[in-house]
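This structure is a prediction, so every number in the text was calculated from the model and none was measured. Here is how names work: the chains are called A, B, and so on, in the same order as the sequence lines, proteins then strands, and each is numbered from 1.
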There are 2 protein chains.
Amino acid sequence: MMVEEIDERKKQILKAIINEHILTAEPIGSRTLAKTYQFGISSATIRNEMSDLEEMGYLEQPYTSAGRIPSDKGYRFYVDSLIKEGNCLHSDYQELLNNFNLKKQGIQSIMSSMAKMLSKITRYTSLISEPQLKRSKVKQFQLVPIEKNSLLIVLISDTGIVHNKIIQLEQELSARQINYLNQFLSGHLKNKELISLNDDFMKELELKLIKRFDLSQGIFELIYQGLVSSEPAEFKVYLGGTSYILEQPEFNDLENLKKVLNILDHEEILRSLLNNIPDKGLEVMIGHENELEEMQKCSIVFATYSIGDKASGKIGVIGPTRMEYSKVISTVNSVAKALSKIISELSG
Amino acid sequence: MMVEEIDERKKQILKAIINEHILTAEPIGSRTLAKTYQFGISSATIRNEMSDLEEMGYLEQPYTSAGRIPSDKGYRFYVDSLIKEGNCLHSDYQELLNNFNLKKQGIQSIMSSMAKMLSKITRYTSLISEPQLKRSKVKQFQLVPIEKNSLLIVLISDTGIVHNKIIQLEQELSARQINYLNQFLSGHLKNKELISLNDDFMKELELKLIKRFDLSQGIFELIYQGLVSSEPAEFKVYLGGTSYILEQPEFNDLENLKKVLNILDHEEILRSLLNNIPDKGLEVMIGHENELEEMQKCSIVFATYSIGDKASGKIGVIGPTRMEYSKVISTVNSVAKALSKIISELSG
DNA sequence: TGTTAGCACTCAATTATGCAGAGTGCTAAT
DNA sequence: ATTAGCACTCTGCATAATTGAGTGCTAACA
């Protein structure tokens with residue numbers, strides 16, 4: 001028999017199975033399902049439906065004659081069609097807002113506390129990425145002399161993040177020279193988007209500068225390097241509640257646990273993971289949808305937070321595929337909004 | 001019978017037991033010991049000696065008629081009297097030096113890579129604390145205006161760390177005023193130790209300033225707060241190789257594992273742990289010597305790294321009490337030295 | 001044609017049982 | 001003081017036996 005379209009009753013059953021499985025972490029059988037939910041059909045009928053759902057790929061059987069568990073495809077359908085956004089528990093939300101009225105902390109510390117809070121609410125591990133420098137504008141630029149042959153570049157972006165980088169000069173600069181350089185660069189860089197500071201633009205700038213001021217090419221190159229190439233490509237990732245994964249029964253297996261913790265240990269991997277997420281408002285990545293083999297027993301719920309109307313960073317929650325999607329999705333949404341608001345205020 | 005002083009033979013046996021246990025993670029019995037080590041005495045004699053050692057508190061029996069395992073007291077004796085410092089595998093050491101010739105990275109990134117390397121060599125989790133700001137001198141001080149009512153304080157310490165803090169002003173300052181303030185503070189703070197910037201000193205400074213320049217008290221207070229009270233008390237802790245704990249059989253027990261990972265999740269706890277360690281060259285903390293209940297199945301080996309001759313930060317390795325002390329101690333020593341050297345160069 | 005009751009079968013998890021191995025403590029002989 | 005020998009203890013492992021939840025199939029039913 002050809003596998004037909006999924007009908008209303010199948011939806012109900014699938015939804016019930018997933019809800020139950022999320023709660024218990026156990027395979028669900030037709031008998032228990034018939035008992036706990038009042039569908040008005042017998043366990044035998046449910047059995048047939050479950051068999052169909054398995055054939056269609058929404059369910060799996062861990063072994064013959066065990067109950068069924070949802071497949072990744074099942075979760076995907078669940079997330080896309082079977083749940084609607086709930087709303088954040090208002091007590092949690094309040095905690096959120098209360099704790100972050102104090103804006104004297106600096107953005108780093110806010111991100112780190114936000115990550116902690118997010119995992120406290122969801123009871124899963126969470127991660128927050130710093131706004132990417134290259135997507136933001138220069139708000140303030142300053143050169144600070146340190147010693148004869150070294151210089152500190154301080155750059156404040158419109159996201160409120162302060163970046164700094166020490167560069168070693170080969171040539172000694174006088175106070176006047178530094179001052180001039182400072183004025184010049186500050187004037188030309190302010191309000192520019194960092195992504196527009198490409199080679200061409202900088203070449204042009206250098207020419208302008210050289211006309212008025214004799215300066216070896218080397219210095220300009222160094223400043224450019226310090227400014228654009230190394231740091232700006234990177235952004236910090238703040239982790240919260242790493243130890244919450246231990247509370248999930250699927251990670252009682254040390255092999256699985258090791259894989260995941262190993263990923264969390266490597267910031268660069270998390271960074272590239274975050275870089276591959278599109279800038280949608282919300283994105284759910286279920287099991288094998290993640291190309292990292294080590295995380296294919298996990299799901300991640302991401303949201304983008306923004307400053308004004310410009311996407312700038314990501315927040316996410318990592319848990320087992322058997323995740324409380326409904327709760328997590330609404331929480332992540334709320335926290336992303338709160339974070340957007342806080343950072344927007346801070347920066348503007 | 002009164003328990004007498006530990007004699008040479010007992011020492012040999014204790015040492016053998018601990019070595020063997022570190023290798024196998026199993027309780028050691030008299031028979032195996034007699035077989036693998038050629039003491040020239042029978043297992044029965046060893047048995048008697050082991051019984052004495054247990055009575056003296058150096059050994060423990062997990063259950064009746066099992067072999068013996070070392071107690072914390074046993075490990076303490078082992079570390080204090082039975083091992084001598086080995087030397088770092090020179091291939092590792094070389095790797096160390098090679099990878100860190102490049103000094104363009106900035107101190108943060110050096111610390112983070114150092115922590116990674118330390119745990120790669122030892123195969124245990126490691127931690128490195130940033131030099132404490134309050135123990136270092138001001139090398140450079142600069143105020144950067146951001147907007148009309150906010151100001152960035154940039155402070156470079158002689159350890160090469162760049163600290164920054166944004167403060168919100170209530171009063172608007174002109175460019176000239178900021179410039180003056182900058183000059184004034186920069187002049188008076190440079191080369192001062194941050195720990196000496198107490199209330200008295202700042203009061204005095206404020207009086208001097210007010211004589212020449214009309215400025216509301218509020219601003220000075222704000223700068224002082226930004227400078228001394230919040231950030232400087234803190235310092236970052238870099239963790240490396242968190243997932244290595246999973247390789248230790250003693251942490252196959254999820255309860256234990258949870259406790260330890262939970263501690264590693266909380267930077268503030270690690271900070272206070274590090275703060276309680278004296279500035280000796282090397283310090284070993286074994287099991288219950290740590291007052292944190294959660295870490296009493298762990299040992300930690302700490303060393304202090306310094307800039308010039310001034311102690312400035314700590315590095316440490318965390319493992320089970322059954323740790324390869326000899327190897328770890330020498331490695332930690334070597335890495336601390338290497339780090340001291342790198343930072344000294346960087347800052348001087 | 002969809003639904004259901006009933007039955008045989010399957011498999012994991014739990015419990016019971018027996019056995020082997022490593023170890024101890026004690027005693028008596030050296 | 002040392003050692004051989006022996007009785008005893010306890011864990012770990014392997015091998016059933018039992019239980020229970022669950023499935024698939026078939027035949028009867030609305």
Check: A/M295 main-chain N/O paired with A/N290 side-chain donor or acceptor under 3.5 Å: no
A/S51 side chain vs A/R47 backbone, donor-acceptor pair below 3.5 Å: no
Sequence neighbours excluded - ring pair (Phe, Tyr, Trp, His ring centres under 6.0 Å) pairs with any residue from residues 61-85 of chain A: A/Y58-A/F77, A/Y75-A/Y325
Within residues 67-75 of chain B: residues closer than 4.0 Å to DNA chain C (heavy atoms): B/G67, B/R68
A/K297 side chain to A/V260 backbone, donor-acceptor under 3.5 Å: no
Nucleic acid footprint by protein, nucleotides 9-21 of chain C - heavy-atom cut-off 4.0 Å, B for base, S for sugar-phosphate alone: -BSS---------
Residues that A/S65 engages under side-chain hydrogen bond (donor to acceptor under 3.5 Å, both in side chains), provided they are two or more places apart: none
DNA chain D contacts made by residues 17-31 of chain A, counting heavy atoms under 4.0 Å: A/G29, A/S30, A/R31
Sequence neighbours excluded - salt bridge (Lys or Arg N to Asp or Glu O under 4.0 Å) pairs with any residue from residues 60-69 of chain B: B/E54-B/R68
Value in whole Å for how far the P atom of C/dG23 lies from CD of B/E49: 18 Å
Under the side-chain hydrogen bond (donor to acceptor under 3.5 Å, both in side chains) test, residues paired with A/S42 that sit two or more places apart: A/T45
Ring pair (Phe, Tyr, Trp, His ring centres under 6.0 Å): pairs with one or both residues in residues 32-57 of chain A, sequence neighbours excluded: A/Y37-A/F39
Flag if over 12 foreign heavy atoms under 6.0 Å of CD, B/E291: no
Sugar-phosphate only, base, or nothing, as touched by A/T32 at under 4.0 Å among non-hydrogen atoms: sugar-phosphate
Span of DNA chain D in contact with chain B (heavy atoms, under 4.0 Å): D/dT2 to D/dT11
Partners passing side chain to side chain contact (heavy atoms under 4.5 Å, CB included) against B/I269 (at least two apart in sequence or in another chain): B/I263, B/H266, B/L292
Whether over 12 other heavy atoms sit under 6.0 Å from A/R76 CZ: yes
Of B/R9 and B/R47, the one whose closest DNA chain D nucleotide lies more 5': B/R9
For residues 243-251 of chain A, which side-chain N or O atoms pair as donor and acceptor with protein atoms under 3.5 Å away, sequence neighbours left out?
from	atom 1	to	atom 2	distance (Å)
A/S243	OG	B/N262	OD1	2.9
A/S243	OG	B/D265	OD2	3.1
A/E247	OE1	A/R123	NH1	3.2
A/Q248	OE1	A/R322	NH2	2.9
A/E250	OE1	A/R322	NE	3.0
A/E250	OE2	A/R322	NE	3.2
A/E250	OE2	A/R322	NH2	2.7

All side chain to side chain contact (heavy atoms under 4.5 Å, CB included) counterparts of B/S129, not counting sequence neighbours: B/F235, B/L274, B/K314
